[in-house]
Amino acid sequence: MDYPVRLGADTERMRARILEVAEEHFRRIGHHKTSVADIASELAMSRANVYRFFPSRDAIKESICRQVLNGTAEVALTIARRSAPPSVKLEELLTAVHHHNKTKLLNDKRMHDLIVAAMQENRPVTKAHAEQMVTIFETIIREGIETGEFEIEDPAEAARAVKTAFMPFFHPVLIEHRLRHGEDTEAGPREQIRFILKALGRSDHAR
């Protein structure tokens, strides 16, 4: 049964508390093993009460995915906002996001698995994150065009191409595959970044 949710500070605090408990369970036992009943029990409330704030278990998972992916986007945005040559920012951004995602796999495997599941299920939150990353790339590429570092005509198309070219070092499943097969996860990204910057037409004097 659906219950109406009253908007306001109390509702937001309760939603945040539910997500906090859910995330604790996800990290401890994994999202597959965590039920709404588990979350409700920890909060000393009924499942029906949890559903007042989130319509489904999937909605809770999606909200936690959003928080995790927002952390990745913040890494990219922090670098994109720096005062530095666009080619430098793009190189640092790609490297930092790769390291961020690899660290999640190595040190926070259950959150890594949650993001993998969301991507495999083609969740809207993962699509929105991919679009946000492309927008960040495009902003940097436009800067590079304006400063004369990059020599391409369509920054939106170039941003999508950068995402595709660097996917082996972005996508959590592909990062995990490379680690399992003992591939060099440091040299590979560096080589691909050099390829990307060359494809963007970076001027020799840019750095």
Test M133 against V97 for side-chain contact (heavy atoms from CB on, under 4.5 Å), laying out the working first.
CA-CA 10 Å; M133 294 300 293; V97 171; 4.0 Å; yes

Applying side-chain contact (heavy atoms from CB on, under 4.5 Å), run through V50 and I60 and close with a yes or a no.
CA-CA 10 Å; V50 173; I60 295 173; 4.1 Å; yes

Step-by-step side-chain contact (heavy atoms from CB on, under 4.5 Å) determination, N101 to L105
CA-CA 6 Å; N101 289 345; L105 166 62; over 6 Å; no

Verdict with supporting geometry, E176 and R180, salt bridge (Lys or Arg N to Asp or Glu O under 4.0 Å)
CA-CA 6 Å; E176 186 171 356; R180 280 183 176 176; 2.8 Å; yes

Yes or no on side-chain contact (heavy atoms from CB on, under 4.5 Å) for I64 and H31, after CA distance, side-chain angles and deciding distance?
CA-CA 10 Å; I64 294 175; H31 68 96; over 6 Å; no

Check the pair D10, R13 against salt bridge (Lys or Arg N to Asp or Glu O under 4.0 Å), reporting the backbone distance first and the verdict last.
CA-CA 5 Å; D10 288 344; R13 279 195 292 270; 2.3 Å; yes

What verdict does the salt bridge (Lys or Arg N to Asp or Glu O under 4.0 Å) test give for R142 and E138, after you've listed the backbone C-alpha separation in whole Å, the side-chain angles of each residue and the deciding distance to 0.1 Å?
CA-CA 6 Å; R142 286 185 185 278; E138 183 178 346; 2.7 Å; yes

How far apart are the C-alpha atoms of E24 and R28, what are their side-chain angles, what is the distance that settles it, and do they pass the salt bridge (Lys or Arg N to Asp or Glu O under 4.0 Å) test?
CA-CA 6 Å; E24 288 171 359; R28 189 169 67 251; 5.4 Å; no

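Considering every non-hydrogen atom in both G188 and R178, the closest pair reads CA-NH2, 4.4 Å. The minimum heavy-atom distance between F169 and I175, with the atom names listed, is O-CD1, 3.4 Å. A80 and L93 get closest at one heavy-atom pair: CB-CD1, 4.5 Å. Contact record, H129 with A73: CE1-N, 4.1 Å, taken as the closest heavy-atom pair. Scanning both residues, G30 and R110, for their nearest heavy atoms gives N-CD, 3.2 Å. Minimum interatomic distance between I152 and L200 (heavy atoms only, all atoms of both residues): CG2-O, 3.8 Å.
Taking hydrophobic clusters as Ile, Leu, Val, Met, Phe, Trp and Tyr residues chained together by side-chain heavy-atom distances below 4.5 Å, V134 does not share a cluster with L90. In the hydrophobic clustering of ILVMFWY residues, with side-chain heavy atoms under 4.5 Å counting as a link, M111 and V116 come out apart.
The distance from atom CD1 of I193 to atom OG of S87, rounded to the nearest 0.5 Å, is 11.5 Å. For the atom pair CD1 of I140 and CD of E91, the computed distance is 11.5 Å after rounding to the nearest 0.5 Å. A distance of 11.5 Å separates NZ of K89 from CD1 of I136, quoted to the nearest 0.5 Å. Taking NZ from K61 and CZ from R57, the interatomic distance works out to 5.0 Å, rounded to the nearest 0.5 Å. Note that CD of E143 and OG1 of T139 are 7.5 Å apart. Values are rounded to the nearest 0.5 Å. Taking CE of M45 as the start and CD1 of I18 as the end, the distance is 4.5 Å to the nearest 0.5 Å.
By the 4.5 Å heavy-atom criterion applied to side chains, L19 and R15 are not counted as neighbours. You'll find the side chain of M119 stays beyond 4.5 Å of the side chain of V173, heavy atoms only. Counting heavy atoms from C-beta outward, E20 and R17 have side chains that approach closer than 4.5 Å. Between L114 and C65 the shortest side-chain heavy-atom distance falls below 4.5 Å. No side-chain heavy atom of I145 sits less than 4.5 Å from a side-chain heavy atom of E151. In this structure, P86 and I141 have side chains that are not in contact, with every pair of non-hydrogen atoms separated by 4.5 Å or more. When side chains are defined from C-beta on, V36 does not count as touching F54, because their heavy atoms never get closer than 4.5 Å. At least one side-chain heavy atom of L106 sits less than 4.5 Å from a side-chain heavy atom of L179.
Enclosure of atom NZ in K109 by more than 12 non-hydrogen atoms of other residues, nucleotides or ligands within 6.0 angstrom is indicated. Within 6.0 Å of CZ in R47 there are 12 or fewer heavy atoms belonging to other residues, nucleotides or ligands.
A side chain to side chain contact (heavy atoms under 4.5 Å, CB included) with P172 holds for exactly one of H112, H177, K104; it is H112.
There is a side-chain donor-acceptor pair under 3.5 Å between H99 and E186. Using modelled atom types and a 3.5 Å distance limit, the side chains of D38 and S41 yield no donor-acceptor pair.
Between F166 and F170, the ring-plane angle classifies as perpendicular under the 30° and 60° cut-offs.
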